[in-house]
Amino acid sequence: MFASMLGVVRRIPRGKVSTYGDIAYAAGFPGRARQVAWALHSSHGLPWHRVVGAGGKLLMPGEYGFEQRLRLEAEGVRFAGLRVRMELHRHAWFRRKGARKTVRRKRR
DNA sequence: AGGGTGACGATCA
DNA sequence: ATGATCGCCACCC
């Protein structure tokens, strides 16, 4: 399980990000976002900074969170306050039918 | 075996 | 928007 998840993380292109939930889903384990976190825990040499929480939030506390932000900005990822602009950088593994309401349309 | 933890996430107050 | 709750499940006592 961890192997597949890590494989998915490895395929996130530069300048893009993915969420724990999406990674779990793409790896074939929907709903196991926490295990993705564990997988990253027990590994190294991966683009871990391209993994963010739902909604683009940086979840890592302290120094690492800071470093993650620097790394992402260095790749051209734009932020909106404390969150990554998912509508610009979320990596689409493949189209999910419902397409979720990920792209929340603005009210008017 | 049993209980607590967590780099999660959706839902509800 | 924020905080609590619950569902999730591999790990670590």
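Any value given below was found using the heavy atoms of this structure, including those in side chains, with hydrogens, waters and symmetry copies removed. So that the names make sense, note that chain A is the first sequence line, chain B the second, and so on, each numbered from 1.
- Proximity note for A/Pro61 (side chain, C-beta onward) versus B/dG6, B/dA7, B/dA10: the nearest is B/dA7.
- Under the ring pair (Phe, Tyr, Trp, His ring centres under 6.0 Å) criterion, A/Trp38 pairs with A/His41, sequence neighbours left out.
- Put simply, NZ on A/Lys57 is 11 Å from C1' on B/dA10, counting in whole angstrom units.
- In summary, the side chains of A/His89 and A/Glu75 do not present any donor paired with an acceptor at a separation below 3.5 Å, with no hydrogens or angles considered.
- Note: CZ (A/Arg34) to P (C/dC12) measures 16 Å, nearest angstrom.
- Cation-pi check for A/Arg85 over A/Phe79 is not met; the charged atom does not lie both under 6.0 angstrom from the ring centroid and within 45 degrees of its normal.
- Side-chain contact between A/Val9 and A/Trp48 is absent, with no heavy atoms from C-beta onward closer than 4.5 Å.
- Per the geometry, CZ belonging to A/Arg32 stands 23 Å off P belonging to B/dT5, to the nearest Å.
- Listed nucleotides: C/dC8, C/dA10, B/dA7. Nearest to the side chain of A/Met60: B/dA7.
- Side chain A/Tyr64 to base B/dA7: no donor-acceptor pair is found below 3.5 Å.
- Closest approach to the A/Arg83 side chain among C/dA1, B/dG9, B/dA7 is made by C/dA1 (side chain taken as heavy atoms from C-beta onward).
- Contact check of residues 40-49 of chain A against DNA chain B (heavy atom, cut-off under 4.0 Å) returns A/His41, A/Trp48.
- Atom CZ of A/Arg71 sits in a crowded spot, with more than 12 heavy atoms from other residues, nucleotides or ligands closer than 6.0 Å.
- Taken to the nearest 0.5 Å, the CG atom of A/Leu6 stands 10.0 Å off from the CE atom of A/Met1.
- Counting to the nearest Å, the P atom of C/dC8 and the CD atom of A/Gln35 are 12 Å from each other.
- For the side chain to side chain contact (heavy atoms under 4.5 Å, CB included) test with A/Val52, the passing option among A/Met60, A/Arg83, A/Met86 is A/Met86; the others fail.
- Atoms CH2 (A/Trp38) and P (B/dG4) sit 17 Å apart, rounded to a whole Å.
- Between A/Ile12 atom CD1 and B/dA7 atom P the separation is 18 Å, expressed in whole Å.
- For the pair A/Phe29 CZ and C/dC9 P, the interatomic distance rounds to 11 Å; values are reported in whole Å.
- The separation between A/Met86 atom CE and B/dC8 atom C1' is 13 Å, rounded to whole Å.
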